[in-house]
Amino acid sequence: MAFTSPAKETTLILILGALMAFTSLSTDIYLPAMPQMSQDLRGNAELTVTGFLIGFAIAQLFWGPVSDRIGRKLPLYAGMVLFALGSAGCALSDGIGEIMFWRVFQAVGACTAPMLARAMIRDLYGQTRAAQMLSTLTLIVAVAPIVGPLLGGQLIRFSTWHAIFWLLAAVGVLMFAALVKLPETHPLEKRGNESLWQAFAAYGSLLKNKAYMRYVMCVTLFYVSAYAFIIGSPFVYIDYFGVDPQHYGWLFALNIVGLMGVSAANRRLVGRYRLDTLIRAATAVAAVAGIMLAACAYSGFGGIYGIILPVFVFFATNGIIAACTTAAALNGVPQIAGSASALLGSLQYGSGIVSSLLLAALSDGTPHAMALIIALFGIGSMAMAFLPSAAAGKRK
């Protein structure tokens with residue numbers, strides 16, 4: 001699709017970037033409040049992340065085929081309505097079971113945002129250009145993990161954690177209005193004519209597609225590690241190391257600075273190197289950083305800095321891994337990009353369920369469990385990247 005002006009393409013990028021940021025915003029903004037939420041809700045606040053990710057992972061599998069049949073915009077409109085209603089429900093909750101229900105409801109709407117943003121990029125661009133665009137979006141998305149915890153930390157200074165979810169409800173309403181500016185990128189002539197049940201069968205073919213699944217599992221295993229930090233870090237930094245909740249956001253934001261730098265560099269790198277080469281290099285660096293993190297956590301070497309520095313390196317590699325694996329995975333299945341993006345997103349973000357359950361089972365009040373999960377799954381991500389693939393990394 002050709003854009004009539006750079007301004008229209010800039011508007012597209014900004015809106016898609018905001019949609020891509022929905023997942024991070026929905027989880028990161030209340031991280032500083034999690035210890036307080038655990039007390040107020042009389043339960044484990046980590047389970048609210050688990051509930052969100054369960055809804056987020058499962059609902060994508062419905063929205064993907066629907067978007068391939070009816071286009072991208074209608075599901076986005078529906079998603080923003082559900083997100084706003086779910087956020088309001090969370091704000092009104094006063095028990096762990098109640099807020100978990102509304103977090104699942106919230107996620108059913110939120111999942112349409114990053115999933116369909118990725119599909120729209122694939123609708124509009126070829127593999128190399130798509131990787132460049134995804135890197136650009138990553139720079140925009142990186143604002144959410146920086147602003148989210150900082151904003152959440154400040155809100156709980158002057159109000160309660162309920163205000164955080166009222167703010168998310170308002171964000172949902174604003175994004176609903178912004179969707180008017182988006183074009184429909186999946187025209188009638190490209191939409192499938194089969195029934196929805198037949199469209200759901202596309203997941204079977206995707207699961208059997210070795211080239212596609214290689215990239216999907218690479219990013220999924222990486223995100224198990226990433227979510228181990230996202231979910232575990234408030235307790236490690238605030239409870240174990242005694243960091244003030246208002247300052248936690250700065251430590252979290254530090255990791256995003258590295259991610260933004262690598263994402264900016266990746267825009268140039270994808271034009272010079274095969275995607276497979278970049279993915280293998282990035283996952284290797286991430287695996288080494290994870291091993292160093294585990295060594296520091298178990299030995300106590302470096303104290304809090306022995307956690308901060310390896311995590312910084314680990315997170316920076318996501319600037320390459322997320323963009324390149326997504327572009328490579330979707331490039332081979334353009335006719336079912338919505339379903340392919342849904343399955344990728346379901347496994348990628350559903351990986352946080354694994355992280356939260358492992359943390360709940362293994363945490364002992366130290367950074368050990370978080371560091372071990374990051375190291376082991378980082379190694380697994382690297383192993384997937386180095387599997388042979390005859391068609392991997394070809395540029396178009």
Completion exercise
Heavy-atom closest pair (R72 atom, M120 atom, distance to 0.1 Å) is CG-CG, 3.8 Å
Exercise for the section: Answer yes or no: is there a side-chain heavy-atom contact under 4.5 Å between M213 and L347? Expected result: yes
Exercise for the section: Report yes or no: does S159 contribute a side-chain atom to a donor-acceptor pair with the main-chain N or O of L155 at less than 3.5 Å? Expected result: no
Problem - Minimal non-hydrogen separation, N266 against A323, with atom names - result: ND2-CB, 4.0 Å
Practice task
Kindly work out whether a path of hydrophobic side-chain contacts (I/L/V/M/F/W/Y, heavy atoms less than 4.5 Å apart) joins V180 to L19.
Solution key: yes
Problem - Check: L372 and H368 side chains under 4.5 Å, non-hydrogen atoms - result: no
Exercise for the section: Tell me whether W166 is reachable from F52 by hopping between hydrophobic residues (I, L, V, M, F, W, Y) whose side-chain heavy atoms are closer than 4.5 Å. Expected result: no
Practice task
State plainly whether one hydrophobic cluster holds both Y273 and M382, where clusters connect Ile, Leu, Val, Met, Phe, Trp and Tyr through side-chain heavy atoms under 4.5 angstrom apart.
Solution key: no
Exercise for the section: Go through the steps to decide whether I279 and C218 satisfy the test side-chain contact (heavy atoms from CB on, under 4.5 Å), and finish with yes or no. Expected result: CA-CA 9 Å; I279 294 168; C218 178; 3.9 Å; yes
Exercise for the section: Determine, stepwise, if the pair D94 / E98 fulfils side-chain contact (heavy atoms from CB on, under 4.5 Å). Expected result: CA-CA 7 Å; D94 58 7; E98 188 178 356; 3.0 Å; yes
Exercise for the section: Ignoring hydrogens and angles, tell me if any N or O in the side chain of K181 forms a donor-acceptor pair with the backbone of L12 under 3.5 Å. Expected result: no
Exercise for the section: For F105, check ring pair (Phe, Tyr, Trp, His ring centres under 6.0 Å) against everything at least two apart and list the hits. Expected result: W102
Handout entry: Taking every non-hydrogen atom, the tightest pair across L168 and S87
Key = CB-OG, 3.6 Å
Problem - Pairwise distance CZ(R214) to CZ(F386) - rounded to 0.5 angstrom - result: 9.5 Å
Handout entry: Within-4.5 Å side-chain heavy-atom neighbours: L344 and M115
Key = no
Practice task
Please check if the side chain of S355 supplies one atom and the backbone of Y227 the other of a donor-acceptor pair under 3.5 Å.
Solution key: no
Handout entry: Side chains of I156 and Q36 in contact at under 4.5 Å (non-hydrogen atoms)
Key = no
Handout entry: Test item: M260 and N255 side chains (from C-beta on) under 4.5 Å apart, heavy atoms
Key = no
Exercise for the section: Locate the shortest heavy-atom distance separating A178 from I15; write the atom from each residue and the value. Expected result: O-CD1, 3.5 Å
Exercise for the section: Indicate yes or no for a side-chain donor-acceptor contact from Q106 to the backbone of L85 under 3.5 Å, with no hydrogens or angles considered. Expected result: no
Handout entry: Donor-acceptor contact present, side-chain S93 to main-chain G95, <3.5 Å
Key = no
Handout entry: T220 versus Q348, side-chain donor and acceptor atoms under 3.5 Å
Key = no
Practice task
Taking the six-membered ring for Trp and the full ring for Phe, Tyr or His, determine whether the centres of F235 and F241 are under 6.0 Å apart.
Solution key: no
Handout entry: Closest non-hydrogen atom pair between S26 and F83, with its separation
Key = OG-CE1, 3.3 Å
Practice task
Quick one: pull up CG in L179 and CE in M175 and give me the separation to the nearest 0.5 Å.
Solution key: 5.5 Å
Practice task
Output yes when a side-chain donor or acceptor of S225 lies under 3.5 Å from a complementary backbone atom of G378, and no otherwise.
Solution key: yes
Practice task
Evaluate the ring planes of F229 and Y237, with Trp represented by its six-membered ring, and classify them as parallel (under 30°), tilted (30 to 60°) or perpendicular (over 60°).
Solution key: perpendicular
Practice task
Measure the shortest side-chain to side-chain distance between Y215 and D276 over non-hydrogen atoms and say whether it is less than 4.5 angstrom.
Solution key: yes
Handout entry: From S381 atom OG to I374 atom CD1, the distance as rounded to the nearest 0.5 Å
Key = 13.0 Å
Exercise for the section: Examine distances only and state if a side-chain atom of S38 and a backbone atom of M34 form a donor-acceptor pair shorter than 3.5 Å. Expected result: yes
Practice task
Please check if the side chain of Y203 supplies one atom and the backbone of L61 the other of a donor-acceptor pair under 3.5 Å.
Solution key: yes
Exercise for the section: Treat each ILVMFWY residue as a node, draw an edge where side-chain heavy atoms are under 4.5 Å apart, and state whether F165 and F158 are in one component. Expected result: no
Handout entry: Check: I291 and I379 side chains under 4.5 Å, non-hydrogen atoms
Key = yes
Practice task
Using the ring-ring contact (aromatic ring centres under 6.0 Å, His included) rule, take F222 and F377 through it: C-alpha gap first, then chi angles, then the decisive distance, then the call.
Solution key: CA-CA 6 Å; F222 178 85; F377 284 89; over 10 Å; no
Practice task
Show the numbers, then the answer: is there a side-chain contact (heavy atoms from CB on, under 4.5 Å) between V219 and T326?
Solution key: CA-CA 8 Å; V219 72; T326 299; 5.5 Å; no
Problem - Spacing of C324 atom SG and L275 atom CG [to the nearest 0.5 Å] - result: 5.0 Å
Problem - Y223: ring pair (Phe, Tyr, Trp, His ring centres under 6.0 Å) partners, not counting sequence neighbours - result: Y349
Problem - Any donor-acceptor pair under 3.5 Å from R42 side chain to D40 backbone - result: yes
Handout entry: Spacing of OG belonging to S263 relative to CG belonging to N318, to within rounding of 0.5 Å
Key = 7.5 Å
Problem - Donor-acceptor pair, side chain of W63 and main chain of V108, under 3.5 angstrom - result: yes
Fill in the blank from the handout: Distance col, row C296:SG vs I308:CD1, nearest 0.5 angstrom, shows 11.5 Å
Exercise for the section: For residues V216 and L343, determine if any side-chain heavy atom of one lies less than 4.5 Å from a side-chain heavy atom of the other. Expected result: no
Exercise for the section: Output, in order, the C-alpha distance, side-chain angles, deciding distance and verdict of side-chain contact (heavy atoms from CB on, under 4.5 Å) for W250 and D244. Expected result: CA-CA 10 Å; W250 294 109; D244 189 284; over 6 Å; no
Completion exercise
Between A228 and I373, the two heavy atoms sitting closest are CB-CG2, 3.6 Å
Problem - I58 with L357, same ILVMFWY side-chain cluster at under 4.5 Å - result: yes
Exercise for the section: Taking atom CE of M384 as the centre, report whether more than 12 heavy atoms of other residues, nucleotides or ligands fall under 6.0 Å from it. Expected result: yes
Handout entry: Donor + acceptor pair across side chains of R103, T48 (<3.5 Å)
Key = no
